[in-house]
Amino acid sequence: MAEVTLPDGSKLEIANGSTAMQLAAQIGPGLAKAALAARINGQLTDLASPISCPAVVKIITSKDSEGLEVMRHSCAHVMAEAICSIWPQTRLVYGPAVENGFYYDIDLDEPIRPSDFERIEEKMRQIANGKSHFVRTEMSKAEALKKLAGDKYKTDNINRADGDVISFYSHSDAFEDLCRGPHVPDTGKIGSFKIMSVAGAYWHGDPTQKMLQRVYGTAWPSKKELDEFLHRLEEAKRRDHRVLGKQLDLFSFNDAGPGFAFMHPNGMIIWNSIVEFWRSVHDKYGYREIKTPIILNEELWHKSGHWDNYKENMYFTRFDEAGYAIKPMNCPGGCLVYNNRKHSYREFPLRVAELGLVHRHEASGVMHGLFRVRQFTQDDAHIFCTPDQIRAEIIGVIELTFELYQAFGFEDFHIELSTKPEKHIGTDEIWETATKALKDALKDKDIDYKINEGDGAFYGPKIDFHVRDCLKRSWQLGTIQLDFSMPERFGLVYTDKDNTEKTPVMIHRAVLGSFERFIGILIEHYGGNFPLWLAPEQARILPISEKTNEYAKIVENKLKGANLRCGCDISDEKIGAKIARAHADRLPYMLVVGPKEAQVETLNLRIRGANEQKTIGIGEFIDATARKIAEKEIDLAIVG
RNA sequence: GCCGAUGUAGCUCAACGGUAGAGCACGGCUUUCGUAAAGCCGGGGUUGAGGGUUCAAAUCCCUCCAUCGGCUCCA
């Protein structure tokens with residue numbers, strides 16, 4: 001007999017050499033049924049593994065995230081068998097579990113189409129119903145290489161594996177795959193699954209290698225959870241800024257300019273509201289604002305280093321026998337403004353902001369609504385300062401950044417620091433100094449951060465700000481980039497205390513990143529339900545019938561006089577239809593007016609998302625909304 | 001840029017070799033209504049573009065463009 005310690009600290013006697021499965025059965029039949037894998041002394045393993053005692057053992061079920069992963073990985077194997085049985089010439093490459101599912105990369109010249117998914121799933125169901133056991137066999141690396149000689153993908157996987165023990169898993173005579181494991185006990189335990197999509201993927205992510213087919217699937221412990229997942233996808237689709245942008249008439253795209261967004265009047269209200277707020281915060285933090293030309297002589301881009309590092313993504317044009325480039329960044333223009341006159345250390349730190357319109361020719365396949373465009377407005381700024389001002393300036397930017405994010409209801413953010421990339425300009429010494437300055441500032445602010453080695457901009461290291469939206473998705477928004485190279489290239493100088501000319505430090509920074517993208521993120525974050533201060537139409541007056549149109553117009557004028565963005569629905573519809581439409585348009589406030597309200601000059605208020613009404617005076621409504629707008633309140637409820 | 005899929009009315013979609021349709025939206029009329037979509041009538045399409053096959057193409061084939069899902073990329 002041997003002693004096993006369970007996660008709750010309790011101890012259990014088991015027969016020597018018992019497997020994890022037997023242990024689960026000993027604990028209870030429910031657990032045995034739910035068991036998918038085990039963690040023995042910290043090692044995730046198959047249920048068939050014998051327990052060498054004494055041991056700390058945890059039985060893993062689909063309730064554990066790692067259980068779900070094991071299940072999905074097993075499901076990937078079952079899918080692989082299904083695909084191989086339909087297309088015997090398939091060569092398997094690699095099939096891991098990923099967030100919400102799994103995929104399997106395969107090398108098969110015949111393209112798998114969505115119309116094939118059903119028969120793959122059918123075959124998978126057959127395999128699952130067979131409930132055949134996953135069987136692990138082990139051998140040495142050399143043996144495995146011999147066994148799979150000629151299979152370049154699996155040979156490669158073996159060579160990449162750690163340790164000398166190579167394992168294979170089979171769950172039928174017809175199917176065996178090189179795999180680290182672990183797996184669920186049998187194919188009946190792969191849950192409810194669905195093939196989601198198929199896409200191309202390069203082997204090892206290397207574009208010079210063969211394009212493989214990547215078949216994506218998802219798997220969940222139960223049909224109910226699968227359905228819930230599919231439903232969540234539908235929900236996310238409803239929040240999709242491309243869909244809402246169309247529905248709410250915020251922006252559009254046109255074949256005439258792929259990747260160039262057309263902002264509509266409703267979208268511009270959101271845009272301008274953000275700009276106005278952005279300006280007020282920048283003013284508070286001591287920034288001045290400039291605007292530099294979109295098209296500048298090509299020479300400038302040679303000087304800045306962009307031509308060498310980025311020309312394949314830049315737009316060029318020629319006229320009057322001279323070459324010009326459409327700016328992909330604002331900094332060279334900012335440098336020209338700086339150089340327009342002499343500067344003294346007394347002016348420093350000099351904080352210069354620019355809402356700069358930049359163009360970057362992104363590859364056609366990467367464009368995505370407002371998230372990835374070829375023309376966008378950066379909320380850029382360049383800070384010119386002395387080296388000993390860096391730390392304080394970085395701290396100032398961090399504070400400004402948090403203030404802006406919080407106004408939009410983003411509370412959850414984290415910071416990443418990126419270091420020198422392979423493709424870079426400037427000496428190692430300069431890079432080291434710059435990176436240290438960023439680290440020091442973060443340390444001063446007592447901020448935790450993650451380091452991304454080799455992910456910096458070509459001209460300097462950077463700090464990136466990431467926020468999580470209400471769906472817990474992470475977005476990179478802001479960035480602070482130190483640049484000791486550009487000032488030198490442009491010959492920027494300032495006169496120091498000792499009356500000598502020195503080179504200033506330049507800090508590039510953006511907070512929202514791209515306005516286009518930020519608005520896209522906001523649309524999805526709010527699901528189209530904008531807070532009052534951003535809503536294109538803040539209130540709509542809905543007269544019960546034509547008889548109250550006149551009073552409705554009077555109310556409309558009063559609200560407009562109070563700077564509220566409001567409309568009036570005098571269509572020939574019944575009140576129910578007017579309300580339904582206002583809801584579809586995501587109106588924060590619906591103001592129903594009929595003879596009753598007209599008589600005592602009140603409004604019947606209905607708030608977006610709340611299925612209740614109350615009567616409120618016009619003045620009271622104006623005061624309440626004015627306060628909410630000023631405070632940028634997200635909650636629409638009007639109390640009192 | 002690469003792989004795959006998809007482009008039909010303003011929007012969402014149907015028709016899948018044989019006269020292009022519906023709902024919503026839009027216009028007109030009726031209705032004047034009390035809290036999530038009243039009724040009738042009407043206008044609207046060289047089916048993304050170009051070429052080909054066919055007696056006949058939205059439908060099949062080719063090229064291009066765009067979009068979608070991924071891959072790669074994002075200074």
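Order of the sequence lines fixes the chain letters, A, B, ..., with proteins taken first and strands second; residue numbering starts at 1 for each chain.
- rG23(B) and rC11(B) make up a base pair, with Watson-Crick or G-U wobble contacts both under 3.5 Å.
- Between the base of rG1(B) and the side chain of E312(A) there is no donor-acceptor pair shorter than 3.5 Å.
- If you take CZ of R214(A) and P of rG4(B), they are 16 Å apart, rounded to a whole angstrom.
- Remark: D380(A) does not engage R509(A) in a salt bridge, criterion side-chain N to carboxylate O under 4.0 Å.
- Shown here, rA58(B) forms no base pair; nothing in the strands shown gives a Watson-Crick or G-U wobble contact with both key distances under 3.5 Å.
- You'll find that the side chain of A199(A) is closest to rG69(B), out of rU32(B), rG34(B), rG69(B).
- In this structure, G205(A) reaches the sugar-phosphate backbone alone: every heavy-atom distance under 4.0 Å involves primed, P, OP1 or OP2 atoms, never a base.
- For D105(A) and rG70(B), the CG to C1' distance is 11 Å, given to the nearest whole Å.
- The CZ atom of F260(A) sits 16 Å away from the P atom of rC65(B) (whole-angstrom rounding).
- Taking atom C1' on both rU47(B) and rA15(B), the two are 11 Å apart, rounded to the nearest angstrom.
- For the pair K154(A) and D156(A), the salt-bridge criterion is not met [side-chain N within less than 4.0 Å of a carboxylate O].
- In this structure, F262(A) places its CZ atom 14 Å from P of rA66(B), rounding to the nearest Å.
- Taking the P atom of each, rA56(B) and rG51(B) are spaced 16 Å apart, rounded to whole Å.
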Q.
Quick one, Y449(A) with H414(A), criterion side-chain contact (heavy atoms from CB on, under 4.5 Å). Give me CA distance, side-chain angles, the key distance, then yes/no.
A. CA-CA 7 Å; Y449(A) 60 92; H414(A) 77 273; over 6 Å; no
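- D469(A) places a side-chain N or O within donor-acceptor distance of the main-chain N or O of K472(A), the cut-off being under 3.5 Å.
- The P atoms of rU30(B) and rG45(B) are separated by 28 Å, rounded to the nearest whole Å.
- For K210(A), the NZ atom counts as densely surrounded, since its 6.0 Å shell holds more than 12 non-hydrogen atoms of other residues, nucleotides or ligands.
- In this structure, K596(A) reaches the bases: a heavy-atom distance under 4.0 Å links it to at least one base atom across the strands shown.
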Q: Go through the steps to decide whether F465(A) and F413(A) satisfy the test ring pair (Phe, Tyr, Trp, His ring centres under 6.0 Å), and finish with yes or no.
A: CA-CA 7 Å; F465(A) 294 84; F413(A) 17 82; 8.0 Å; no
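- Distances from the side chain of K547(A) to the nucleotides rA25(B), rG70(B), rC33(B) place rC33(B) closest.
- Atom CD1 of I195(A) and atom P of rG70(B) are 16 Å apart (whole Å).
- Considering only the side chain of Y202(A), rU72(B) comes nearest among rU67(B), rU35(B), rU72(B).
- Across rA25(B) and rU63(B), the matching P atoms stand 42 Å from one another, rounded to whole Å.
- Here L108(A) contributes atom CG and R91(A) contributes atom CZ; the two are 10.0 Å apart, rounded to the nearest 0.5 Å.
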Q. Do L542(A) and L591(A) pass the side-chain contact (heavy atoms from CB on, under 4.5 Å) test, and can you show the C-alpha distance, the side-chain angles, and the key distance before you say yes or no?
A. CA-CA 6 Å; L542(A) 311 175; L591(A) 308 168; over 6 Å; no
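- One interatomic measurement links the two molecules: CD of E612(A) to C1' of rA36(B), which rounds to 15 Å at whole-angstrom precision.
- Heavy atoms of other residues, nucleotides or ligands lying less than 6.0 angstrom from CD of Q89(A) number more than 12.
- One finds no side-chain N or O of R238(A) lying less than 4.0 angstrom from the OP1 or OP2 phosphate oxygen of rU12(B).
- Salt bridge R238(A)/E235(A): present, at least one basic N to carboxylate O contact under 4.0 Å.
- rG23(B) and rC33(B) have their P atoms separated by 29 Å, given to the nearest Å.
- Among the atoms of the strands shown, base atoms are found under 4.0 Å from some heavy atom of N604(A).
- In the set rG34(B), rC71(B), rA37(B), rA37(B) carries the atom at the smallest distance from any side-chain atom of A580(A).
- Each of rG4(B), rG69(B), rU35(B) was ranked by its minimum atom distance to the side chain of R606(A); first place goes to rU35(B).
- Comparing atom distances between the I575(A) side chain and each of rA36(B), rG34(B), rG70(B) picks out rG34(B) as nearest.
- P328(A) comes within 4.0 angstrom of a nucleotide base, judged by non-hydrogen atoms across all strands.
- Taking a 4.0 Å limit (strictly below) on heavy-atom distances, residues 360-376 of chain A reaches RNA chain B at R360(A), A363(A), S364(A), G365(A), V366(A), M367(A), H368(A), G369(A), R372(A).
- The backbone N or O of Q613(A) lies less than 3.5 Å from no partner atom in the side chain of R606(A), so there is not a single donor-acceptor pair.
- With C1' as the reference atom, rC55(B) and rG1(B) are 43 Å apart, rounded to whole Å.
- Between H583(A) and S545(A), the residue anchored nearer the 5' end of RNA chain B, judged by the nucleotide with its closest heavy atom, is S545(A).
- Taking 4.0 angstrom as the limit, K578(A) places none of its side-chain polar atoms (N or O) nearer than this to OP1 or OP2 of rG34(B).
- To the nearest whole angstrom, the two C1' atoms, one in rU8(B) and one in rA20(B), are 8 Å apart.
- Within the 4.0 angstrom heavy-atom criterion, base atoms lie near E573(A).
- Summarising the base pairing, rC2(B) is matched to rG70(B) through a Watson-Crick or G-U wobble pair whose two defining distances lie under 3.5 Å.
- Comparing rU6(B) with rC64(B), their C1' atoms are spaced 16 Å from each other, to the whole Å.
- Two residues, I579(A) and D240(A), neighbour RNA chain B, and the one matched to the more 5' nucleotide by heavy-atom proximity is I579(A).
- The residue F253(A) sits apart from the nucleic acid: no heavy atom pair falls under 4.0 Å.
- rC64(B) and rG48(B) make up a base pair, with Watson-Crick or G-U wobble contacts both under 3.5 Å.
- At a threshold of 4.0 angstrom between heavy atoms, the contacts of N309(A) with the nucleic acid are absent.
- Under the Watson-Crick or G-U wobble criterion, with both distances below 3.5 Å, rA38(B) is paired with rU30(B).
- Rounded to an integer number of Å, the gap from D206(A) CG to rC2(B) P is 16 Å.
- Residue contacts for E110(A): at a heavy-atom cut-off of 4.0 Å it reaches no nucleic acid atom on any strand shown.
- Between the CD atom of Q247(A) and the C1' atom of rA25(B) there is a distance of 13 Å, given to the nearest Å.
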